[in-house]
Amino acid sequence: MKIISVENVVKCFPVGDGKFTALDHISLDFFTGEFAGLVGPSGSGKTTLLNIIGSLDKPSKGKAQVAGKDIEALTHKQAAQLRNHSIGFIFQVFNLLPVYTVFENVEFALLLQKKPWHERKKAVMDALEWVGLENMADKKISKLSGGESQRVAIARAMVKRPRIMLADEPSANLDAKNTHSIMETMKTLNQEFKTTFLFSTHDEKVMQYLDRIIHLEDGKVVKDEIITSRKEDF
Ligand SMILES: Nc1ncnc2c1ncn2[C@@H]1O[C@H](COP(=O)(O)OP(=O)(O)OP(=O)(O)O)[C@@H](O)[C@H]1O
Ligand SMILES: [Mg+2]
């Protein structure tokens, strides 16, 4: 099933008296269960495109349909609802609350949903188990390593079981070992729940896990690669 459809999307930002075209007629479709990534030089438009797909921003022209909703037509409230129900975000900086515990940081994602406490607790503990942090639930974020923090961010994004996960340079603050480890975790979640993952990355270590690599340059798609075989398959 097609879950993301981007059609002729243009995004311009005002600069001085003129405008800068960050996305220049992008058309891309993503199907449920894809594990795909946007790659390209700094400034090529990766984050801009993720922000539009994540309903954090709107196209200047063109159409983006995400989980059945037209992004350009959404009100603020409808965009927030789409994010709350269907989209999980993982960023380069973890955006966690340092003085709260691991459990509380993941639980925050559920507070808007007004679920009863026992359901919330189960959902949080399940999510912590997916990322291997079930024994650290009561630890403060400020006491965690970078890799552990990124795992909390993944658990927080996954706790609502969104259909789509958007990850903007999730390995930027991690060493090689932690990068492999979070990629393995996300690949497992992708396979287990058929969650669609879309990354932006410069990192070869991330790219080697992707099933599809979309190359952007100057706001255009220059190559859309389906990866059919990997080194470890030989
Ligand atoms: N709010 C904004 N106002 C003006 N220009 C912007 C804005 N957001 C992004 N841009 C410009 O649009 C271009 C694309 O930015 P974007 O952040 O999407 O690049 P990127 O591919 O994610 O780069 P990086 O790899 O460095 O994260 C850049 O030239 C950037 O300066
Ligand atoms: Mg970026």
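Each ligand, and each atom within it, is numbered from 1 in the order the structure gives.
- Near ligand 1, Phe13, Phe20, Ala22, Pro41, Ser42, Gly43, Ser44, Gly45, Lys46, Thr47, Thr48, Glu169, His202 each place a heavy atom less than 4.0 angstrom from the ligand.
- Taking the ring axis of Phe35 as reference, the NZ or CZ atom of Lys187 stays within 45° of it and closer than 6.0 Å to the ring centre.
- A tilted orientation is assigned to the rings of His180 and Tyr209, their planes being inclined by 30° to 60°.
- If you check the side chains of Asp203 and Ser171, you find a donor sitting under 3.5 Å from an acceptor.
- Between Asp175 and Lys177, no side-chain nitrogen of the basic residue sits less than 4.0 Å from a carboxylate oxygen of the acidic one, so the salt-bridge criterion is not met.
- Protein atoms of type N/O/S that fall under 2.8 Å from the Mg ion (ligand 2) number 1 in this view.
- Using a 4.5 Å heavy-atom cutoff, the side chains of Arg212 and Ile227 are not in contact.
- Within 6.0 Å of CD in Glu225 there are more than 12 heavy atoms belonging to other residues, nucleotides or ligands.
- Between the side chains of Gln65 and Asp70, at least one donor-acceptor pair of N or O atoms lies under 3.5 Å.
- At least one cation-pi condition fails for Arg120 and Phe103: the charged atom is not both under 6.0 angstrom from the six-membered ring centre and inside a 45 degree cone around its axis.
- Annotation: cation-pi geometry satisfied between Arg161 and Phe193 (NZ/CZ under 6.0 angstrom from ring centroid, within 45° of ring axis).
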